[in-house]
There are 2 protein chains.
Amino acid sequence: MSSRQITRGMRTGGRSARVREAILAATFDELLDHGYAGLRVDAVAARAGVNKTTVYRRWPTLEDLLVDALTTWSHDVPVPDTGNIETDLLAIGRELRDLLNGGVGRQVAALVLTAGLRKAELREATRRYFAHQVTRAVPTVNGAIDRGELPPDVDVEALLTSVRAPLFYRMVTTGDPIDDALVEHTVQVTLASARAGLLSTV
Amino acid sequence: MSSRQITRGMRTGGRSARVREAILAATFDELLDHGYAGLRVDAVAARAGVNKTTVYRRWPTLEDLLVDALTTWSHDVPVPDTGNIETDLLAIGRELRDLLNGGVGRQVAALVLTAGLRKAELREATRRYFAHQVTRAVPTVNGAIDRGELPPDVDVEALLTSVRAPLFYRMVTTGDPIDDALVEHTVQVTLASARAGLLSTV
DNA sequence: ATGCTATCGCAACTTCATGTTGCTTAAGAC
DNA sequence: GTCTTAAGCAACATGAAGTTGCGATAGCAT
């Protein structure tokens with residue numbers, strides 16, 4: 001995601017860095033405690049032990065702050081490549097399951113899901129985020145193709161959509177925690193579809 | 001969805017009904033023009049030619065007003081039952097496609113998608129809405145089972161998830177309009193999965 | 001038709017959060 | 001050590017949410 005933090009002639013080390021970290025961490029914690037709708041700039045500043053103006057001077061809008069905080073948070077765990085595509089897809093599904101079941105995940109999802117819908121400027125950030133999810137799965141899928149587990153013309157995006165979309169859908173429609181049965185189920189459907197050539201590029 | 005409008009000893013006809021309709025219509029139009037984030041009670045009242053207090057007296061919170069407005073709006077088009085499950089599923093997919101591609105659909109989706117996440121009280125409303133979508137597709141699916149087009153133990157919820165989830169996912173991840181190719185694609189995947197017994201109840 | 005009562009209009013008000021500005025103070029780069 | 005940048009502080013302005021009291025009016029009943 002793209003940050004719009006002000007960086008012109010900025011000092012990088014020492015206090016600036018500490019303050020920056022403190023604010024991002026505070027944003028994260030406030031998000032956990034009060035949710036997206038209950039997020040207050042004052043509260044974030046207070047929690048970070050910082051003045052409100054400091055927050056405003058660094059991040060023009062709340063959305064910018066959030067994008068930064070969440071980007072910092074979502075460190076990239078590499079996609080597994082175990083030599084078995086079923087195992088790999090299960091790992092991808094379970095990673096998302098854990099994210100969406102967690103307290104933060106819910107809030108983050110609520111934010112991300114609608115970011116692009118609410119503000120046109122955020123659509124590009126959202127798009128890049130999901131595009132990156134596709135990109136980081138490419139090596140794993142290529143491995144599976146090399147081993148003959150998947151057809152050579154399989155579409156990585158369609159494959160990932162097939163695994164991930166039902167999990168999002170479950171969270172949104174029922175609000176229930178995503179159980180492992182759903183993950184295993186979507187992976188089975190995905191593999192069957194892919195092998196039937198239904199997830200191949202046109 | 002459940003309304004929490006005040007009804008004790010209420011007058012039903014005449015002015016009350018007119019005012020109610022005017023406010024709901026105004027809410028809808030404001031949602032179109034300014035989006036969910038830009039929705040202002042004052043603006044709704046002004047557009048309805050009504051005072052702000054009138055709105056507050058009828059609907060305790062903005063969420064309640066929205067639930068009412070959107071429920072009124074989504075009149076139930078019956079699910080087609082053409083005697084061919086592929087045609088029926090395509091119709092279901094295209095109905096959702098048109099909804100999500102439309103200006104209102106985007107805003108409604110942004111609201112509905114996160115309603116349950118943002119406020120616990122709204123989760124039940126969301127759950128009922130999606131449960132109803134499943135219910136109204138049951139006769140169509142049963143018809144397909146009777147004709148031998150689908151296995152007898154097919155799970156309607158899983159079937160609908162398979163058709164609908166990728167469309168939501170597309171809207172959220174890229175923001176691009178949903179094209180007919182995607183609808184046809186998801187229907188093919190769904191049918192193949194169902195016939196392979198992957199969408200059957202356990 | 002005439003009165004009763006729910007409902008609406010109106011205006012003033014409180015509360016709360018956003019976002020801004022001018023000035024002062026402290027940290028850190030050199 | 002000095003000089004620049006960033007942060008602290010306090011006072012604003014703005015805007016929307018939500019409330020209250022009272023007077024006006026429309027519809028329902030008899």
Side-chain angles (χ1 to χ4, degrees), chain A residues 3-27 29-31 33-69 111 118-119 121-122, chain B residues 3-27 29-31 33-69 111 118-119 121-122:
Chain A
S3 158
R4 219 190 305 168
Q5 190 190 158
I6 293 154
T7 49
R8 182 180 56 83
M10 188 182 124
R11 294 185 173 179
T12 51
R15 184 172 61 158
S16 293
R18 281 199 307 274
V19 167
R20 185 191 138 88
E21 293 311 311
I23 293 174
L24 291 180
T27 303
D29 291 340
E30 284 290 313
L31 199 58
D33 286 1
H34 307 294
Y36 173 58
L39 201 62
R40 300 288 171 262
V41 178
D42 289 358
V44 169
R47 189 160 197 155
V50 149
N51 197 273
K52 184 179 61 163
T53 44
T54 302
V55 177
Y56 280 115
R57 280 197 268 249
R58 276 176 177 270
W59 294 276
T61 78
L62 191 69
E63 308 272 11
D64 293 314
L65 174 57
L66 277 168
V67 169
D68 248 33
L111 177 71
R118 288 200 320 274
K119 297 199 82 177
E121 314 140 14
L122 290 178
Chain B
S3 158
R4 219 188 307 168
Q5 192 187 157
I6 293 153
T7 48
R8 182 180 55 84
M10 187 182 124
R11 293 183 172 177
T12 52
R15 184 173 58 160
S16 293
R18 281 199 307 275
V19 167
R20 185 191 137 90
E21 293 311 312
I23 293 174
L24 291 180
T27 303
D29 292 341
E30 283 290 313
L31 200 57
D33 286 1
H34 307 296
Y36 172 58
L39 200 61
R40 300 286 171 265
V41 177
D42 290 358
V44 169
R47 189 160 198 156
V50 148
N51 196 274
K52 183 179 59 162
T53 44
T54 301
V55 178
Y56 279 115
R57 282 197 267 249
R58 277 176 177 271
W59 293 275
T61 76
L62 191 68
E63 307 273 11
D64 293 313
L65 173 58
L66 278 168
V67 168
D68 249 32
L111 176 70
R118 288 198 321 272
K119 296 198 84 177
E121 313 140 15
L122 290 178

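Note on naming: letters A, B, ... go to the chains in the order of the sequence lines (proteins, then strands), and numbering restarts at 1 for each one.
We find that CD of B/Glu21 is positioned 16 Å from P of C/dT7, with the value rounded to whole Å. Following rounding to the nearest Å, B/Tyr56 (OH) and C/dT15 (P) show an atom-to-atom distance of 16 Å. One atom, NE2 of A/His34, and another, C1' of C/dA17, lie 14 Å apart when rounded to the nearest Å. Computed from coordinates, the A/Ile23 CD1 to D/dA6 P distance equals 13 Å when rounded to whole Å. Atom P of nucleotide D/dG18 and atom CG of B/Asp64 are separated by 11 Å, given to the nearest angstrom. If you measure from atom CG of A/Leu65 to atom P of C/dG19, you get 11 Å, rounded to the nearest angstrom.
Counting only heavy atoms from C-beta outward, the side chains of B/Val41 and B/Trp59 never approach each other to under 4.5 Å. Annotation: side chain of A/Leu39 is in contact with side chain of A/Leu66 (closest heavy-atom distance under 4.5 Å). Two residues are said to be in side-chain contact when any heavy atoms from C-beta on lie closer than 4.5 Å; A/Thr27 and A/Val55 fail this criterion.
Listed nucleotides: C/dC8, C/dT20, D/dA7. Nearest to the side chain of B/Thr54: C/dC8.
Heavy-atom minimum distance, B/Ala48 versus B/Ala22: CB-O, 3.6 Å.
The OG1 atom of A/Thr54 sits 14.5 Å away from the CZ atom of A/Arg20 when rounded to the nearest 0.5 Å. Put simply, CG on A/Asp29 and NE2 on A/His34 are 10.0 Å apart, with the number rounded to the nearest 0.5 Å. With rounding to the nearest 0.5 angstrom, the CZ atom of A/Arg58 is 8.5 Å from the CG atom of A/Leu24.
Dashed line: the shortest gap from a side-chain N or O of A/Arg18 to OP1 or OP2 of C/dA27 is not under 4.0 Å. Between B/Thr53 and D/dT20 there is no side-chain N or O to OP1 or OP2 distance below 4.0 Å. Considering only side-chain N and O atoms, A/Arg57 lies nowhere under 4.0 angstrom from the phosphate OP1 or OP2 of D/dC9.
Of the residues in residues 41-52 of chain B, those lying under 4.0 Å from DNA chain C by heavy-atom distance are B/Gly49, B/Val50, B/Asn51.
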side-chain hydrogen bond (donor to acceptor under 3.5 Å, both in side chains) evaluation trace for B/Asp64 with B/Thr61
CA-CA 5 Å; B/Asp64 293 313; B/Thr61 76; 2.9 Å; yes
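Contact check on A/Arg47 versus A/Asp33 returns a salt bridge, with a Lys/Arg side-chain nitrogen under 4.0 Å from an Asp/Glu carboxylate oxygen.
Bending across the helix from C/dA1-D/dT30 to C/dC30-D/dG1, expressed as the angle between its end axes from five pairs apiece, amounts to 30° (10° rounding).
Both B/Val19 and A/Leu39 lie near DNA chain C, and the one whose nearest nucleotide falls closer to the 5' end is B/Val19.
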